[in-house]
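I have placed the structure first, in the form of structure tokens, so that the comments after it can refer back to it.
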Amino acid sequence: MLAYVVRRVLQFIPVFLGVTLLLFVLRAPGVLPGDPVRLITGERAISPELYQQVVEKHHLDRPLYVQYGYYLQGLLQGDLGTSFQRDMPVRDIFAAKFPNTVRLALAAIVIEIIIGIGAGMVSALKRYSFLDVFVTLSTSILVSVPVFWLGMVMQVLFGIKFKEWGLPFMPISGMSSAQFPDWAHIILPAITLASVSTAYTARIMRSQLLEVMGQDYIRTARAKGLSSNAVVWRHAFKNALIPVVTFIGIDLGAMMGGAILTETIFNWPGVGYEIFLAIGQRDWPIVMGGVIIIVFAVMIINLIVDISYAFLDPRIRYGGEVR
Amino acid sequence: MSGRSRTALVLLLVLGLVVLVAGAGGCARDVDTFVFYINEPYVIDPVNAQEEMGINVVNAVFDGLLDFDPKTSELIPAVAESWEPNADATVWTFNLREGAKFHNGRDVTAEDFKYAWERILNVPESGSEIAYHLDPILGAVEMQSGEAAEAEGIRVVDDLTLEVTLAYPFADFEYVVAHPSLAPVPREEVEADPDAYAMMPVGNGPFMMSEPWAPGQYIRVERFDDYWGEPALLDAVEFKIFSDEETAYLEFRAGNVDFTTIPSGQIQSAIDEYGESSDGWEAAPGSQVLLGGELSTLYVVMNNEDEHLSNADLRRAISLAIDRETIAQTVYEGTRTPATNIVPEGIIGWEDGAWEYSRYDVPEAERLLAEAGYPGGEGLPTLQLAYNTGDGHEPLMQLIQQNLRDIGIETEFDPMEFAQLLDVYYEGAHQLGRLGWVVDYPIMDNFLYPLFLSTSADNLAFYDDPEVDEALVAARQIAEEDERVRAYQEIARTIGDDAPVVPVVMYRHRHVVSERVRGFVYSPMILANLHEVWLADDEE
């Protein structure tokens, strides 16, 4: 197992180099039009001194491979460069925002796991019941509703209308305020972010569990006289879970990259919106730093997901010894 | 039921409870905090403060030598209680008041201004992009290039007297020093921890930072009780950072924000609900929507050195062909005003219609086009019309193209990235193109000098009239303000007759203020008078 983990971690290196190189080439002069100094200093004409200073600070006078060398050198020392537009280290910008994204993603994943898996199981075990129809129908609706629309409807309903009607209401946006405890602020964005994935999780869980329940070994288990709870939990559940865990893992990785729409609507200061803004402002150090952080997060989460298979299915083992 | 399913059920119940309890958490908010919507500022340290958001924070936390009257934009004393130039406006003496204090309790002295300004001018160290404010000062340019360690023209006479010598006469220099970013800075605080200072600057204004800037969330300031003037009436201001104006507006409607931007498409419904301010800048209950002018103009720059566009009659015809009213009403939904002048409303000395050709008159445009030698556009090649992509300028450019086609001038779009567009402009490789200009000070000089002096780097029309050059330099030396303003009005008309650029629209506010707010003005300089604002007590 350890050898497997080490090998996987070593695989990070080429992926890393590939991603940074690609991003670097994409921002090279000739590929992207315009003088990067102008991007940094804006519309107003600047003095030659300032121009020179900006060039030197960002090593813009050096060949691209030298610039890339500087970038990698900084990267190894944990330095992601300095933002073009805001005079701040990229590392500091993301250090402030990444924990917020993680918080929101974890809250959304918790909802996804509890409600998605729960609803999928109920739906499968009580097939063709009212609950099953309800889950199938509501997941179809959730999958087709645009996230931003759902978010705004919830904001207007729970934030404005409930207040007008004298009902308990919820914070509309942000991470903190004087009138609500901090954790209240995460509810609406987490539900919004989790909505589509929860629906998918429920559907995958339902179909997987139905499939597993029809297997021979389940019939054998029943024939042995096991209670239906034991059959479901000890035999069916874990086996049905593997595709669900894969899906949730990929989803968590995607969420680590920030959810641009949800973060924007709920004014949640995460990495997604930061990167989105930076793309608009052609602030390449932020874009690159953000992508690197995302790549890193996705790779680590994928590794964790792969390792978790071994616990879910004893037949899956990592390492070289099994032929 | 097995243990696990019971756990799942319990978790579900807990989640449901959490949702309910969260709802019950709503309570009345702190009544004396004014909540002010901003986007994430770039910088809130005066050393590099430059955009609307950062400047408003700096304006609350710092006080410069002089200040702008929020409604008239005229100068009022701040840390300097009096000031005077010498006869040719080259040496300025500022007498500082006693008792002006930094938030750390120390007195503000002339030395603090010298330190703050030289901190900006030390470009190799500070990387400041706003050193151009100080360009008129003797030795400022040398300091920016690293040739000099200090600016010769900034002299501390004594603790309360600052003497500034300029490199050339400049009678409007007093407006420059009123810019919020030129406030005094306490050296000891910066040197103790420069990074901390950037996040929580110590100033001398009516409000002090109560905690460091929380990126993406808020910047909180509270009243500074030892302020030299009348202390602020508000207990605190929270600059709440939003990434989306729609969300900010929802928070406003829910009663959680006191000042915000109205999203496009909702201006009329906001007016219906909250009422429109009579002058556009000052809010009162029932007239809370602010649509006053801002000091910036959107225009089409024409390359006056181009073989065709060097013909003044052609330029005049182009300017007359543009239907500014339709552009303001359709493209900008009435949130812009037709520009009748490159100088926008709100600048001291602004005259409506000062540019003769900055109006919509198709027959006259056709006549001038013929006079220029291109009757009905005949003989005129297709002109390039450049603009930057990605910022939603397409509808504007399409209307301009249609307007020009109406009198027979064919244009071809030349869309490109903003940085590339600037390259093209600076190289003079353009014919027609979109541009905007935002001023730093409410004076005509700030539009005319950079945009039309033949040697100015920002003169992207490549307008070159030796008489105008001479008049612009001469006007800077006129000490008497009314006379100076008249001189600038004359210059503006002269330039307008040549139609070197096509002013299209002036920017306007689109803000709304909550009903409980009293005395609030959002000036044409896009500065809020937060220290004069109070909140009505009867609001819940």
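Letters go in sequence order (proteins before strands), and every chain restarts at 1.
Close placement of the Phe162(A) and Phe158(A) rings is indicated, their centers lying within 6.0 Å of each other. The distance between the ring centers of Tyr273(A) and Phe266(A) does not fall below 6.0 angstrom.
For Lys97(A), the part lying under 4.5 angstrom from a heavy atom of chain B is the side chain only. Heavy-atom distances place both the backbone and the side chain of Glu251(B) under 4.5 Å from chain A. Within the 4.5 angstrom heavy-atom criterion, no atom of Gln52(A) approaches chain B. Looking at Glu40(B), the atoms closer than 4.5 Å to chain A (heavy atoms on both sides) all sit in the side chain, from C-beta outward. Looking at Ser128(B), only its backbone comes within 4.5 Å of chain A, counting heavy atoms on both sides.
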| task | Evaluate the side chain to side chain contact (heavy atoms under 4.5 Å, CB included) criterion for residues Glu211(B) and Tyr218(B): first the C-alpha distance (whole Å), next the side-chain angles of each, then the deciding distance (0.1 Å), finally the verdict. | result | CA-CA 10 Å; Glu211(B) 56 183 295; Tyr218(B) 55 79; 3.0 Å; yes

| said: Applying salt bridge (charged side-chain N to carboxylate O under 4.0 Å, His left out) to Asp45(B) and Arg119(B), what does each step give before you reach the verdict? | reply: CA-CA 11 Å; Asp45(B) 178 342; Arg119(B) 185 170 169 244; 2.5 Å; yes

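The greatest number of non-hydrogen atom pairs below 4.5 Å with chain A, out of Ala214(B), Pro215(B), Ala198(B), is found for Pro215(B). Top candidate by heavy-atom pairs under 4.5 Å with chain B, chosen from Gly151(A), Ser176(A), Gly174(A), is Ser176(A).
By the 30° and 60° cut-offs, the orientation of the rings of Phe242(B) relative to Tyr37(B) is tilted. Taking the six-membered ring where tryptophan is involved, the planes of His179(B) and His133(B) are tilted, since the angle between them lies from 30° to 60°.
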